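Everything quoted here is computed from the prediction, not taken from an experiment. Proteins come first, then strands; the chains are lettered A, B, ... in the order of their sequence lines, and each starts at number 1.
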Number of protein chains: 2
Amino acid sequence: MEELKQRIQTEGRVIGDSILKVDSFLNHQIEPEFILKIGRELADRFRGENITKVLTIEASGIAVAMAAGLALGVKVIFAKKGHASTQIENMYTAPVYSFTRQEYVDIFVSAKYLTSRDSVLIVDDFLAHGQALGALVNIVEQSGAHLVGAGIVIEKQFQGGGKVLREKGMRIESLAMISRMREGKIEFG
Amino acid sequence: MEELKQRIQTEGRVIGDSILKVDSFLNHQIEPEFILKIGRELADRFRGENITKVLTIEASGIAVAMAAGLALGVKVIFAKKGHASTQIENMYTAPVYSFTRQEYVDIFVSAKYLTSRDSVLIVDDFLAHGQALGALVNIVEQSGAHLVGAGIVIEKQFQGGGKVLREKGMRIESLAMISRMREGKIEFG
């Protein structure tokens, strides 16, 4: 997606050799119209797959997942992090390690909203080491739903998460693939 | 907003006398088309106010804020919680107490995205004790931006947060006002 790559080049900030911040339109400030475009592009890549649910993880995935859900005409579930006292029902849960925060958190999805009758598209803003995506796949497996694949906005290819999951046969579509970040420069794969 | 009240009555689950769960369309599973309607209704209540930014807080506020931002044609900022190691720039920060989680967390907004030239509409899914909303108001004040008001999906009037902030002169529009929850029943104000 050319417009996305251009905006990553223009507005993205590289910190060290692995952190990319795109806070101006995706992860802190969001541009609703641009997010809708991203959602339509993700939806287009999975047309004809009879998707019934979009699944993402709070928080940065929500806007993009909503846009994909709108384009596909299906409901969106966002997995929650941690354990709030208001969570008392049957749920699927999986641990996820955050390299950013350097800690494990649990993510969970209520069993009510994801069942074996669903065909699920996972949507997320970033794919790096694949921790969050792996946990979402785990949750889909627990539910017995059919996993169609994952639609990702930005994949940091050099962190290897996408490779591992594709080798297991998973379909992953990333709108921007970054092969390397060095000395503040972003190279697309 | 009649459709919203009906869905709260039909799908909402009351836990104890203060917790309301609307996970089927707002807080865990979201219905994109219905969220767009909610966003348009919120935007309509503040038409003509020359809003330049919508401000919310992660995570449940994001979908509704994006819908309001779409309807108003402006960018959306979501305040982040905690302190990630990727946060290194100038920011506004405010503490917020979560009654659900029984702990304080900091929320923060990068100074880059909110300035004294902005006119801000705060949008959130719930207003209860007013902790989150108060912290967002604090952040708008730090930025020097003009605060237009707040658009809320569900206000739990009996928890008093809205009253305190309205007495300070703030304009708050809530699409559903709940005056009491008792024995599993929801009463609108």
Side-chain angles (χ1 to χ4, degrees), chain A residues 13 15-16 18-21 23-25 27-36 39 53-89 91 98-102 108-110 112-114, chain B residues 13 15-16 18-21 23-25 27-36 39 53-89 91 98-102 108-110 112-114:
Chain A
R13 282 190 307 126
I15 299 168
S18 65
I19 296 172
L20 171 65
K21 298 191 65 163
D23 280 357
S24 59
F25 63 87
N27 294 123
H28 182 27
Q29 178 172 260
I30 55 182
E31 277 192 32
E33 289 290 352
F34 186 50
I35 299 294
L36 282 194
K53 289 273 165 74
V54 167
L55 174 66
T56 190
I57 183 171
E58 63 179 18
S60 302
I62 295 175
V64 177
M66 174 161 133
L70 265 175
L72 290 164
V74 301
K75 294 178 185 175
V76 174
I77 302 161
F78 57 95
K80 299 190 171 194
K81 290 176 186 165
H83 273 274
S85 61
T86 53
Q87 302 301 324
I88 53 166
E89 62 221 356
M91 56 179 83
S98 164
F99 283 88
T100 314
R101 293 170 195 261
Q102 303 194 335
F108 49 90
V109 168
S110 167
K112 245 190 281 186
Y113 305 120
L114 202 59
Chain B
R13 283 191 307 126
I15 299 167
S18 65
I19 296 173
L20 171 64
K21 297 192 65 163
D23 280 358
S24 59
F25 63 87
N27 294 124
H28 182 25
Q29 178 172 260
I30 55 182
E31 277 192 33
E33 289 290 352
F34 186 50
I35 299 293
L36 282 194
K53 288 272 166 74
V54 167
L55 174 65
T56 190
I57 184 171
E58 63 180 17
S60 301
I62 295 176
V64 177
M66 174 162 135
L70 266 176
L72 291 163
V74 301
K75 293 177 186 175
V76 173
I77 302 161
F78 57 94
K80 298 191 171 194
K81 291 176 186 165
H83 273 274
S85 60
T86 53
Q87 301 300 325
I88 53 167
E89 61 220 358
M91 57 180 83
S98 163
F99 282 86
T100 313
R101 292 170 195 262
Q102 304 195 333
F108 50 90
V109 167
S110 167
K112 245 191 278 186
Y113 305 119
L114 203 58

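Contact count versus chain B (heavy atoms, under 4.5 Å) is highest, among G69(A), G16(A), S24(A), for S24(A). If you tally non-hydrogen atom pairs under 4.5 Å between each of V109(B), L55(B), V74(B) and chain A, the highest count goes to V109(B). When I30(B), I35(B), I77(B) are compared by the number of non-hydrogen pairs under 4.5 Å with chain A, I30(B) comes out ahead.
Listed for the H28(A) side chain is a donor-acceptor partner under 3.5 Å among the backbone atoms of F78(B).
Taking all atoms of both residues into account, the shortest heavy-atom contact from I62(B) to A59(A) is CD1-O, 3.5 Å.
There is no contact between L114(A) and chain B, counting heavy-atom distances below 4.5 Å. Neither the backbone nor the side chain of V54(B) comes within contact range of chain A, judged by heavy atoms closer than 4.5 Å.
When side chains are defined from C-beta on, N27(A) counts as touching K80(B), because their heavy atoms get closer than 4.5 Å.
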Quiz item: Which is it for Q29(A) and V76(B) under the side chain to side chain contact (heavy atoms under 4.5 Å, CB included) test, yes or no, and what are the steps along the way?
Solution: CA-CA 6 Å; Q29(A) 178 172 260; V76(B) 173; over 6 Å; no

Self-check item: Stepwise side chain to side chain contact (heavy atoms under 4.5 Å, CB included) check, L70(B) with E33(A)
Solution: CA-CA 7 Å; L70(B) 266 176; E33(A) 289 290 352; 3.7 Å; yes

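Under the side chain to side chain donor-acceptor pair (under 3.5 Å) criterion, E58(B) pairs with no residue, sequence neighbours left out.
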